[in-house]
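Comments concern the structure below.
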Amino acid sequence: MSGAVTASIEDLTAARDGDAAALQRVLALSRQDLRRYAEYHCVINDAEDAVQESLLLVSRRIGDLRAVEAFASWLFRIVKRECNRLKRSLRRLAGEAISEDLLPPIRFEPVELGHDVARVLETLPAHYRQILLLRDLEGMTIEELAAHLALSPQAVKSRLHRARALAREYLRDDPTLP
């Protein structure tokens, strides 16, 4: 986060107030750290796309930033959400027919497993299904889940554990599975 940290408060304030040159400096200083962060959180081929989209969004929305001190965390949350969005797009693409001019996406699990997991998710109670989807598909942290669900972090961990255990039990006990 050194690039985001080295952006001066003056540049951040000026960028927030509409100074295009300050915005360029802030984005240039942040880019390398965003790239490293995206490489960790994104599918490797999507890291640069996530950085580009994030910088574009930041350039449009920096005026909405209330506290310039929160810029670094705001910036990294934007990149993480963009990585999650790109992952969801890849999942949707994997279920569609692919034209011959494109290479098929890399798939690490058989299609049947995805169907089995979807069937198990449908059988789970709504509060367990919700926490699994938010954590495992959306990539929310325990703290984000706690805030979103209005629960304590301990309650989130407990519910997540019970949801995963119940899902494993359903998968293990399903007579239609090999």
Side-chain angles (χ1 to χ4, degrees), residues 1-9 11-115 117-118 121 129-149 156 160:
M1 290 199 302
S2 61
V5 172
T6 58
S8 71
I9 298 293
D11 274 347
L12 287 170
T13 303
R16 185 180 65 181
D17 294 338
D19 183 344
L23 177 63
Q24 287 297 334
R25 287 190 298 273
V26 167
L27 295 179
L29 288 171
S30 303
R31 183 178 180 74
Q32 183 178 1
D33 291 322
L34 284 181
R35 174 77 181 165
R36 268 194 305 270
Y37 187 80
E39 286 173 353
Y40 180 76
H41 289 284
C42 286
V43 175
I44 194 68
N45 295 337
D46 291 339
E48 187 60 34
D49 290 339
V51 170
Q52 288 293 329
E53 289 296 322
S54 298
L55 290 174
L56 185 61
L57 182 63
V58 166
S59 69
R60 289 183 190 150
R61 305 291 307 263
I62 196 159
D64 297 341
L65 183 63
R66 285 180 257 149
V68 292
E69 296 80 15
F71 176 75
S73 61
W74 179 64
L75 188 61
F76 288 107
R77 275 195 318 269
I78 290 171
V79 174
K80 175 121 189 207
R81 285 189 185 120
E82 187 61 28
C83 288
N84 289 339
R85 186 189 67 77
L86 290 168
K87 286 176 190 174
R88 285 190 304 273
S89 318
L90 181 62
R91 286 188 186 104
R92 277 189 231 115
L93 176 63
E96 298 174 2
I98 298 176
S99 66
E100 294 180 276
D101 60 329
L102 293 176
L103 293 174
I106 298 173
R107 305 232 7 187
F108 294 106
E109 71 248 2
V111 174
E112 295 81 20
L113 179 60
H115 294 291
V117 170
L121 284 172
R129 181 175 44 250
Q130 179 187 31
I131 201 161
L132 281 176
L133 292 174
L134 291 173
R135 174 66 174 178
D136 295 334
L137 292 181
E138 296 292 325
M140 286 183 148
T141 65
I142 297 297
E143 292 76 23
E144 290 171 334
L145 284 168
H148 183 77
L149 300 173
V156 167
L160 186 59

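Quantities reported herein were computed from a predicted structural model and do not represent experimental measurements.
Looking at R85 and E82, a side-chain N of the basic residue comes within less than 4.0 Å of a carboxylate O on the acidic one, giving a salt bridge.
L149 is listed as a side-chain neighbour of Q130, based on a closest heavy-atom distance under 4.5 Å. Side-chain contact between E144 and T141 is present, with at least one heavy-atom pair separated by less than 4.5 Å. Contact annotation: the side chain of D19 never approaches that of T13 to less than 4.5 Å [non-hydrogen atoms, C-beta and beyond]. Using a 4.5 Å cut-off on side-chain heavy atoms (C-beta onward), D46 and C83 make no contact. Side-chain contact between L75 and S54 is absent, with no heavy atoms from C-beta onward closer than 4.5 Å. Residues V58 and F71 meet the side-chain proximity criterion, which asks for heavy atoms closer than 4.5 Å. Within the 4.5 Å cutoff, side-chain heavy atoms of R31 are placed close to those of L55. Counting heavy atoms from C-beta outward, R61 and W74 have side chains that approach closer than 4.5 Å.
Going from atom CD of E48 over to atom CG of L34 covers 10.0 Å, rounded to the nearest 0.5 Å. To the nearest 0.5 Å, atoms OG (S30) and CZ (R35) are separated by 15.5 Å. Here the CD1 atom belonging to I78 is positioned 8.0 Å from the CZ atom belonging to R81, to the nearest 0.5 angstrom.
Although no hydrogens or angles enter the test, the distance criterion places a donor-acceptor pair under 3.5 Å between the side chain of R135 and the main chain of M140. Remark: the backbone N or O of E138 is paired with a side-chain donor or acceptor of N84 at under 3.5 angstrom.
Residues passing the side chain to side chain donor-acceptor pair (under 3.5 Å) test with R77: none are found, sequence neighbours excluded.
Across all their heavy atoms, D11 and A22 have their closest contact at O-CB, 3.5 Å. Considering every non-hydrogen atom in both V68 and L12, the closest pair reads O-CD1, 3.7 Å. Nearest heavy atom pair, residue I62 against residue R16, reads O-CG, 3.3 Å.
No more than 12 heavy-atom neighbours from other residues, nucleotides or ligands sit within 6.0 angstrom of CD on Q32.
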Kindly indicate, with the supporting measurements, whether the criterion side chain to side chain contact (heavy atoms under 4.5 Å, CB included) is fulfilled by Y37 and V51. CA-CA 9 Å; Y37 187 80; V51 170; over 6 Å; no
Would you check, one step at a time, whether the test side chain to side chain contact (heavy atoms under 4.5 Å, CB included) holds for L134 with H148? CA-CA 10 Å; L134 291 173; H148 183 77; 3.4 Å; yes
